[in-house]
Amino acid sequence: MKIQIINGPNLNLLGQREPGIYGTSSFDDYLATLRSRYADVEIDYYQSNIEGELINKMQEVGFLGDVVDGIVLNAGAYTHTSVALQDCIRSLKCPVIEVHISNVHQREEFRHKSLISCACKGVICGFGLDSYRLAVEAIVRQ
C-alpha cells in the first residue's frame, strides 16, 4: 500500500509557526513516527507553498503515474480559496482525505468554509498532528 501526504502553504514551518495552534513538533519528526507505526505502508511526503505545485503532485500520484492508494491533503489556507484544488481532487483515481491540525470551526469565520471538502472522501480536523494518523488509518482500512 502507498499513501501520499501533501501539505500546503506554511506547513513547512510546523514546530515554529504559531505553536499555540499548531504545536511544537516539526512535520519531519512526526512523519518518522507515522512511518514507524505503519511500517508496511509506503508513506511519501510532499510540501509546497505554491498552489499549482500541489495540483501537479496530486495529478502525478493520483491520476497520471502509478496511482497511490490514497492522498492525505492539508491544503492550508488554499482549503478556503481554491476551486482549482477542488477540480483536481475530483479528477483523481484515488480517495483524498482532507486534514487540518487545528479545529478550523473554532477559529476565524473564513476558515469554516472549505472549497475542497465536497470533493474529498472525508475530513479530519482538530486532533493536532494526529489528524494525519487518523487519515492514514482511514485509507488503510478502506
Side-chain angles (χ1 to χ4, degrees), residues 1-15 17-19 21-142:
M1 176 165 272
K2 186 172 182 178
I3 296 173
Q4 177 72 55
I5 297 175
I6 299 176
N7 274 344
N10 301 309
L11 292 165
N12 56 311
L13 300 178
L14 286 176
R17 171 186 171 228
E18 298 182 86
I21 295 173
Y22 299 108
T24 57
S25 295
S26 72
F27 194 79
D28 286 337
D29 289 343
Y30 181 75
L31 184 58
T33 301
L34 197 60
R35 285 176 171 154
S36 176
R37 182 176 184 138
Y38 295 95
D40 57 333
V41 177
E42 183 179 342
I43 299 175
D44 289 334
Y45 175 61
Y46 180 80
Q47 188 278 329
S48 177
N49 294 319
I50 301 169
E51 182 180 26
E53 290 180 3
L54 299 175
I55 291 168
N56 287 342
K57 187 63 174 179
M58 285 194 292
Q59 288 179 354
E60 174 191 325
V61 302
F63 189 82
L64 299 173
D66 290 332
V67 176
V68 297
D69 296 289
I71 296 173
V72 175
L73 173 64
N74 184 340
Y78 290 136
T79 300
H80 318 291
T81 63
S82 182
V83 173
L85 284 175
Q86 181 193 124
D87 288 346
C88 176
I89 293 165
R90 289 186 188 281
S91 75
L92 301 178
K93 298 176 182 176
C94 66
V96 175
I97 308 291
E98 175 185 347
V99 300
H100 300 283
I101 296 166
S102 68
N103 182 345
V104 293
H105 303 288
Q106 292 179 334
R107 298 185 62 194
E108 303 93 338
E109 183 70 29
F110 73 87
R111 295 186 195 275
H112 298 186
K113 176 68 176 164
S114 168
L115 295 184
I116 65 172
S117 293
C118 61
C120 292
K121 180 176 178 110
V123 179
I124 300 169
C125 71
F127 294 99
L129 290 176
D130 209 33
S131 295
Y132 293 89
R133 180 192 59 79
L134 295 168
V136 167
E137 187 68 26
I139 294 169
V140 167
R141 291 180 181 256
Q142 69 178 345

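For clarity, every value in this text was computed on a predicted model and none was experimentally measured.
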Show your working on side chain to side chain contact (heavy atoms under 4.5 Å, CB included) between Tyr132 and Ile101 and close with a plain yes or no.
CA-CA 8 Å; Tyr132 293 89; Ile101 296 166; 3.9 Å; yes
Could you give the distance from CD1 (Ile43) to CD1 (Ile139), rounded to the nearest 0.5 Å?
9.0 Å
Would you name the heavy atoms of Ala75 and Pro9 that are closest together and state the gap between them?
O-CD, 3.4 Å
Got Asp40 and Met1 here, is their nearest side-chain heavy-atom distance under 4.5 Å?
no
Considering only distance and modelled atom types, tabulate donor-acceptor pairs under 3.5 Å from the side chains of residues 84-97, sequence neighbours left out.
{"residue": "Gln86", "atom": "OE1", "partner": "Arg90", "partner atom": "NE", "Å": "3.3"}
{"residue": "Gln86", "atom": "OE1", "partner": "Arg90", "partner atom": "NH2", "Å": "3.4"}
{"residue": "Gln86", "atom": "NE2", "partner": "Leu115", "partner atom": "O", "Å": "2.5"}
{"residue": "Ser91", "atom": "OG", "partner": "Cys88", "partner atom": "O", "Å": "2.7"}

Which heavy-atom pair separates Val99 from Ala135 by the least distance, and what is that distance?
CG1-CB, 3.6 Å
OG of Ser26 to CG of Asn12, rounded to nearest 0.5 Å, is 11.0 Å
How far apart are the closest heavy atoms of Cys125 and Asn103, and which atoms are they?
SG-OD1, 3.9 Å
Could you go through Asn7 and Tyr45, starting from their C-alpha distance and side-chain angles, then the distance that decides it, and tell me whether this counts as side chain to side chain contact (heavy atoms under 4.5 Å, CB included)?
CA-CA 8 Å; Asn7 274 344; Tyr45 175 61; 3.1 Å; yes
Calculate, to the nearest 0.5 Å, the distance between atoms OG1 and CZ belonging to Thr33 and Arg37 respectively.
10.0 Å
Would Asn74 and His100 count as a side chain to side chain contact (heavy atoms under 4.5 Å, CB included) here? Give the steps.
CA-CA 6 Å; Asn74 184 340; His100 300 283; 4.0 Å; yes
If you draw a 6.0 Å radius around OH in Tyr46, do more than 12 non-hydrogen atoms from other residues or ligands fall strictly inside?
yes
Is the side chain of Asp69 donor-acceptor paired with the backbone N or O of Ile3 at a distance under 3.5 Å, no angle test?
no
Answer yes or no: is there a donor N or O on one side and an acceptor on the other, between the side chain of Ser131 and the main chain of Phe127, under 3.5 Å?
yes
Rounded to the nearest 0.5 Å, how far apart are CD1 of Ile55 and CD1 of Ile50?
12.0 Å
Which residue pairs pass the salt bridge (charged side-chain N to carboxylate O under 4.0 Å, His left out) test when at least one of the two sits in residues 119-142, sequence neighbours left out?
Asp130-Arg133, Glu137-Arg141
I'd like to know if the side chain of Ser82 and the backbone of Thr79 have a donor-acceptor N/O pair within less than 3.5 Å.
no
Ring pair (Phe, Tyr, Trp, His ring centres under 6.0 Å): pairs with one or both residues in residues 74-99, sequence neighbours excluded
none
If only atom types and distance count, is the side chain of Gln47 paired as donor or acceptor with the main-chain N or O of Ile6 below 3.5 Å?
no
If you measure from CG on Leu11 to CG on Asn49, what distance do you get to the nearest 0.5 Å?
8.5 Å
Let's go through Lys57 and Gln4 carefully: what are the C-alpha distance in whole Å and the side-chain angles of both, what is the deciding distance for side chain to side chain contact (heavy atoms under 4.5 Å, CB included) to 0.1 Å, and is it a yes or a no?
CA-CA 9 Å; Lys57 187 63 174 179; Gln4 177 72 55; 3.7 Å; yes
I want to check something: taking the side chain as every heavy atom from C-beta on, are Leu14 and Leu129 in contact at a cut-off of under 4.5 Å?
yes
